[in-house]
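The structure appears below as C-alpha cells.
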Amino acid sequence: MIAAPMRFTRNSEIFGEDEAAEYLYQVVSGAVRTYKILEDGRRQIGAFYLPGDIFGFEAGESHISSAEAICETHLLMVKRSAVIVRASHERELTRQLWDGMALELRRFQQHSMLLIGSAEDRVMAFLLDMSRRATKKGAIELPMSRQDVADYLGLTIETVSRTFTQLEQNGVIALPTSRRVELRDGRLSSRYVQNLG
C-alpha cells in the first residue's frame, strides 16, 4: 500500500473537526495532539500520538476532533478507503487495524478514568504512560508543553506546574529541564500504576 509522507511544522493543523475523515496517519517522528474547543473556549486535548502511533480512526465519515503537530512532525498518510479494500483481502492487515482501533478505545477509556483522579494522580499517570510509550528508556523527553499537559489532564497550567514541583520535592521525579522528566524507580506507588489499567 502506498503511503504518502507529509511534513508538518510546529502547531500546524493536520485535520480539523468535522472535516471528512479520508486518511489514516502514522507518526514517523515528532508528536501530534488531537483536541476539541469547548463551548466556553477552553481546549480539551483528547490524545497525544508519538512515533509509531496510528491515528485518524473514526466511527463516522468525519473527524470528531482536530489534530495538530506539536513540534516538527513527519507522518505517513494513506487513504482510508484503500486500507478498507485491502483489509477485506488480507487477514494480517485486518488484525492490525483491529489492534489499532482497540488501542485507541483503551486510550480513550484510560483518559476518561484519569480525569476523575486527584491532580497528583493525573500527572503521575500521565508521566507513567509517557514513560511506557517512550522510544528510549530512562528519562522522558516531553514534546508537549505544560499547557498541553494541563489541557489533556483537565487541570490549569498552574496546578500542573505546582504538581510537578511537589513530585520533584518528594523525590518521585527529577526535572533536569522543564521538558525532561526522570522517574525515580521504587518511589512510585501502586495506585499510580493502577490508573493506567
Side-chain angles (χ1 to χ4, degrees), residues 14 24-35 43-57 65 67-76 95-155 157 159-197:
I14 298 163
L24 290 176
Y25 306 83
Q26 183 172 33
V27 182
V28 176
S29 64
V32 172
R33 62 182 163 242
T34 55
Y35 68 94
R43 179 181 67 163
Q44 177 62 59
I45 292 179
F48 293 114
Y49 297 96
L50 306 176
D53 290 341
I54 297 172
F55 66 101
F57 294 106
S65 60
E68 286 179 341
I70 294 173
C71 53
E72 178 85 15
T73 300
H74 292 102
L75 303 176
L76 292 176
R95 187 194 61 77
Q96 289 173 358
L97 287 173
W98 178 264
D99 289 348
M101 289 185 286
L103 179 60
E104 191 75 358
L105 178 60
R106 182 176 179 209
R107 283 187 184 146
F108 173 77
Q109 291 168 333
Q110 287 174 339
H111 188 224
S112 298
M113 295 305 295
L114 184 67
L115 296 178
I116 61 174
S118 69
E120 185 176 301
D121 287 347
R122 293 183 206 190
V123 170
M124 258 334 289
F126 166 75
L127 291 174
L128 286 167
D129 184 44
M130 288 295 109
S131 174
R132 189 168 61 183
R133 295 169 63 191
T135 52
K136 297 175 185 170
K137 295 303 168 200
I140 311 161
E141 295 289 345
L142 296 175
M144 65 286 295
S145 68
R146 294 274 173 95
Q147 185 63 62
D148 283 342
V149 174
D151 290 350
Y152 177 70
L153 297 176
L155 300 169
I157 188 171
T159 300
V160 168
S161 295
R162 191 167 50 249
T163 305
F164 268 77
T165 300
Q166 287 171 345
L167 289 169
E168 183 179 35
Q169 289 171 348
N170 293 339
V172 178
I173 64 171
L175 296 169
T177 69
S178 64
R179 300 250 180 140
R180 185 177 174 87
V181 182
E182 295 172 358
L183 301 180
R184 298 299 190 202
D185 291 342
R187 297 298 309 269
L188 304 178
S189 73
S190 60
R191 70 182 176 149
Y192 296 133
V193 177
Q194 289 169 356
N195 282 340
L196 291 174

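The side-chain hydrogen bond (donor to acceptor under 3.5 Å, both in side chains) search around Arg179 returns none, not counting sequence neighbours. Residues that satisfy the side-chain hydrogen bond (donor to acceptor under 3.5 Å, both in side chains) test with Tyr25, not counting sequence neighbours, are absent from this structure. In this structure, Gln166 has no side-chain hydrogen bond (donor to acceptor under 3.5 Å, both in side chains) partners at least two apart in sequence or on a different chain. Applying the salt bridge (charged side-chain N to carboxylate O under 4.0 Å, His left out) rule to Glu168 yields no partners; only residues at least two apart in sequence or on another chain are considered. In this view, Glu72 and Arg7 satisfy the side-chain hydrogen bond (donor to acceptor under 3.5 Å, both in side chains) rule, not counting sequence neighbours. Not counting sequence neighbours, the partners of Ser161 by the side chain to side chain contact (heavy atoms under 4.5 Å, CB included) test are Arg146, Ile157. With sequence neighbours excluded, no residue satisfies ring-ring contact (aromatic ring centres under 6.0 Å, His included) with Phe164. With sequence neighbours left out, Tyr152 forms a ring-ring contact (aromatic ring centres under 6.0 Å, His included) with Phe48, His111, Phe126. With sequence neighbours excluded, the residues forming a side chain to side chain contact (heavy atoms under 4.5 Å, CB included) with Asp151 are Arg43, Ile45, Gln147, listed by chain and number.
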Practice item. Give the intermediate values and the outcome of side chain to side chain contact (heavy atoms under 4.5 Å, CB included) for residues Tyr49 and Thr34. Key: CA-CA 8 Å; Tyr49 297 96; Thr34 55; 3.6 Å; yes

Review point. Stepwise, does the side chain to side chain contact (heavy atoms under 4.5 Å, CB included) test hold for Cys71 with Thr73?
Key: CA-CA 6 Å; Cys71 53; Thr73 300; 4.2 Å; yes

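Across Ala67 and Phe55, no two heavy atoms sit closer than the pair CB-CE1, 4.2 Å. In plain terms, the two heavy atoms of Ala139 and Glu182 that are nearest each other are CB-CG, 3.6 Å. Smallest separation of non-hydrogen atoms from Gly52 and Gln26: O-NE2, 3.2 Å. Closest approach of Ala31 and Pro143 over heavy atoms only: CB-CG, 3.7 Å.
Between Leu153 atom CG and Thr159 atom OG1 the span is 10.5 Å, to the nearest 0.5 Å. If you take CD1 on Ile54 and CG on Leu24, they are separated by 7.5 Å, rounding to the nearest 0.5 Å. Rounding to the nearest 0.5 angstrom, the gap separating the CZ atom in Arg180 from the CG atom in Leu175 is 11.0 Å. Atom CD of Glu141 is separated from atom CG of Leu50 by 12.5 Å, given to the nearest 0.5 angstrom. One finds the CZ atom of Arg33 at 9.5 Å from the CD1 atom of Ile14 (value rounded to the nearest 0.5 Å).
The side-chain contact (heavy atoms from CB on, under 4.5 Å) test with Val32 is passed by exactly one of Asp53, Ile70, Leu75: Leu75.
Proximity of Met124 to Thr163: side-chain heavy atoms (C-beta onward) are nowhere separated by under 4.5 Å.
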